[in-house]
Amino acid sequence: EADALCLVLLGAPGSTAPTTAGVTVRDVERAYGVSYAAAHQSVEHLVGRGLLTRERDGARQVLSATRWAARLLASAES
């Protein structure tokens, strides 16, 4: 789950797209070599805990970190 949150915040490894382009569950699946079901379950847990949000972009569901998650990570760094 921490990997999924990091992917959403930092973007896919090797990607040149800015993180504002969004990350999907498929991106999590591919980046970490896990099944779609495992990636989906991790994302569901993070959404349920208030760390990620989902927004529709056509057929895609784009993941974003919540402000609370960003503040939480920022406070852990200091």
Side-chain angles (χ1 to χ4, degrees):
E1 292 173 5
D3 290 340
L5 181 58
C6 289
L7 182 67
V8 170
L9 290 170
L10 303 174
S15 173
T16 57
T19 55
T20 55
V23 172
T24 65
V25 174
R26 288 275 182 219
D27 295 327
V28 174
E29 171 194 18
R30 290 181 191 122
Y32 296 103
V34 297
S35 69
Y36 179 81
H40 191 269
Q41 183 177 13
S42 291
V43 166
E44 286 296 317
H45 285 192
L46 292 169
V47 168
R49 292 179 182 142
L51 297 170
L52 293 180
T53 61
R54 288 179 292 228
E55 291 182 39
R56 280 260 181 226
D57 181 17
R60 297 172 11 134
Q61 283 194 15
V62 179
L63 306 170
S64 302
T66 62
R67 290 181 187 185
W68 181 70
R71 282 195 311 263
L72 187 65
L73 290 172
S75 69
E77 291 177 353
S78 47

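Counting from 1, the numbers follow the sequence of the chain as shown.
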> Is there a side chain to side chain contact (heavy atoms under 4.5 Å, CB included) between Val62 and Arg54 once you walk through the steps?
Replying inline: CA-CA 5 Å; Val62 179; Arg54 288 179 292 228; over 6 Å; no

>> Going by side-chain contact (heavy atoms from CB on, under 4.5 Å), Leu52 matches just one of Thr66, Val47, Val23. Which one?
In response: Val47

> Where do Val43 and Leu63 come nearest, in terms of heavy atoms and distance?
Replying inline: CG1-CD2, 3.6 Å

>> Minimum heavy-atom separation for Arg49 and Trp68, please, with both atom names.
In response: O-CZ3, 3.8 Å

> Arg56 side chain to Ala59 main-chain N or O, any donor-acceptor pair under 3.5 Å?
Replying inline: yes

>> Among residues at least two apart in sequence or on other chains, which ones pass salt bridge (charged side-chain N to carboxylate O under 4.0 Å, His left out) with Arg71?
In response: none

> If you round to the nearest 0.5 Å, how far is CZ of Arg60 from CD of Glu55?
Replying inline: 11.5 Å

